Amino acid sequence: MVAAKKTKKTHESINNRLALVMKSGKYTLGYKTVLKSLRNSKGKLIIIANNCPPLRKSEIEYYAMLAKVGVHHYNGNNVDLGTACGKYYRVCCLSISDPGDSDIIKSIPGEQ
Amino acid sequence: MVKFLKPNKAVIVLQGRYAGRKAVIVRSFDDGTRDRAYGHCLVAGIKKYPSKVIRKDSAKKTAKKSRVKCFVKLVNYRHLMPTRYTLDVDLKDIVTADCLQSKDKRVTASKETKKRFEERFKTGKNRWFFTKLRF
């Protein structure tokens, strides 16, 4: 029960941080651009939705392991992640290249 | 954050005639060139893997089984799967950007890399690289 409460609060804070990144930072949405950002070492944090196909998820995690970039498994599916980004479409994975004013990169991988 | 598509990285070619073959990056062109406006790299890979050598084999048979056939190719980054393995074989002087221009240059480059790959295979190091990927 304590764990459930904790995840609710941190879930909201991730959403807040993500909203701030959308407003002030640089990001790319979508599998192809996520891999591109990992290859040219522009990505700093990768966020993957929970209904991402497992092969694709492992591929992104492997690339991120090679690039030494943190991966956050978002607590929600691609519909929720799209809404969290303020978009009207589904987003399965996204890459943050410049967090802007947000502290998402310092706080989210640190928690995990 | 760390660039990993660097020379000596072992990769797997995903598309084309050599799909499923392991290769090593010799030179990478991150920003592309005028002819190829995308990130690509020069790879040297294995066209035909060496067969399994057993203790019973005679010297002649081991020599025949340890043969490696190589290829040299310019591949788009999108058509590669990088791995955590590296292969430290010095191919920079034989495999160059201009060795793909004519057929005989290509053949000499492949023959030289074949020699170097075979030496490396015979020492028993980098065993992962010389085993066929099962899929």
Side-chain angles (χ1 to χ4, degrees), chain A residues 17-18 21 25-48 52-73 92-112, chain B residues 1-16 18-45 73-89 97 126 128-129 131-135:
Chain A
R17 293 199 173 96
L18 205 51
V21 173
K26 289 200 177 38
Y27 57 91
T28 60
L29 309 173
Y31 170 65
K32 278 165 78 169
T33 57
V34 162
L35 288 188
K36 203 168 177 182
S37 74
L38 283 168
R39 273 186 217 117
N40 59 15
S41 50
K42 291 263 169 43
K44 299 210 174 30
L45 177 66
I46 312 291
I47 301 180
I48 307 182
C52 183
L55 183 62
R56 185 182 291 193
K57 180 159 42 164
S58 335
E59 192 181 358
I60 298 178
E61 285 173 352
Y62 195 80
Y63 268 76
M65 177 270 289
L66 291 174
K68 299 205 212 312
V69 167
V71 169
H72 181 256
H73 295 96
C92 189
C93 43
L94 69 100
S95 156
I96 296 174
S97 42
D98 176 17
D101 297 325
S102 175
D103 61 345
I104 193 171
I105 292 185
K106 289 185 274 293
S107 61
I108 297 299
E111 267 173 25
Q112 300 189 325
Chain B
M1 288 256 265
V2 170
K3 238 184 74 56
F4 50 86
L5 287 169
K6 289 206 277 234
N8 292 333
K9 187 85 162 148
V11 295
I12 299 177
V13 180
L14 295 174
Q15 306 275 4
Y18 299 115
R21 304 276 197 274
K22 295 182 187 167
V24 61
I25 296 182
V26 178
R27 194 160 159 218
S28 63
F29 304 91
D30 285 332
D31 300 315
T33 56
R34 194 139 15 96
D35 305 320
R36 286 169 179 255
Y38 45 81
H40 61 285
C41 52
L42 190 55
V43 296
K73 192 166 169 51
L74 280 171
V75 190
N76 191 343
Y77 281 159
R78 281 189 187 192
H79 303 151
L80 293 175
M81 180 70 203
T83 64
R84 61 181 171 91
Y85 298 94
T86 55
L87 186 73
D88 271 315
V89 176
N126 306 115
W128 177 85
F129 187 77
T131 47
K132 195 165 169 186
L133 187 66
R134 305 280 315 172
F135 60 95

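Convention: sequence-line order gives letters A, B, ...; per-chain numbering from 1. Worth saying up front: this structure is predicted, and the values here are computed from it rather than measured.
- Between A:Leu66 and B:Thr83 the shortest heavy-atom distance is CD2-O, 3.7 Å.
- Interatomic distance, B:Lys3 NZ to A:Lys68 NZ, rounded to the nearest 0.5 Å: 13.5 Å.
- The two residues B:Met1 and A:Val69 make their nearest non-hydrogen contact at N-CG2, 2.9 Å.
- By the neighbour-count criterion of 12 heavy atoms within 6.0 Å, atom NZ of B:Lys73 is sparsely surrounded, having that number or fewer from other residues, nucleotides or ligands.
- For the residue pair A:Arg39 and B:Phe4, the shortest heavy atom distance occurs at CA-CZ, 4.1 Å.
- Contact check for A:Lys36 versus B:Tyr77: no side-chain heavy atoms found under the 4.5 Å cut-off.
- Looking at A:Lys32, the atoms closer than 4.5 Å to chain B (heavy atoms on both sides) all sit in the side chain, from C-beta outward.
- Under a cut-off of 6.0 angstrom, the local environment of CZ in B:Arg36 is crowded, with over 12 non-hydrogen atoms contributed by other residues, nucleotides or ligands.
- Nearest heavy atoms, B:Pro82 versus A:Tyr62: O-CE2, 3.3 Å.
- Ranked by non-hydrogen atom pairs under 4.5 Å with chain B, the options A:Ala64, A:Ser37, A:Ser97, A:Ala67 are led by A:Ala67.
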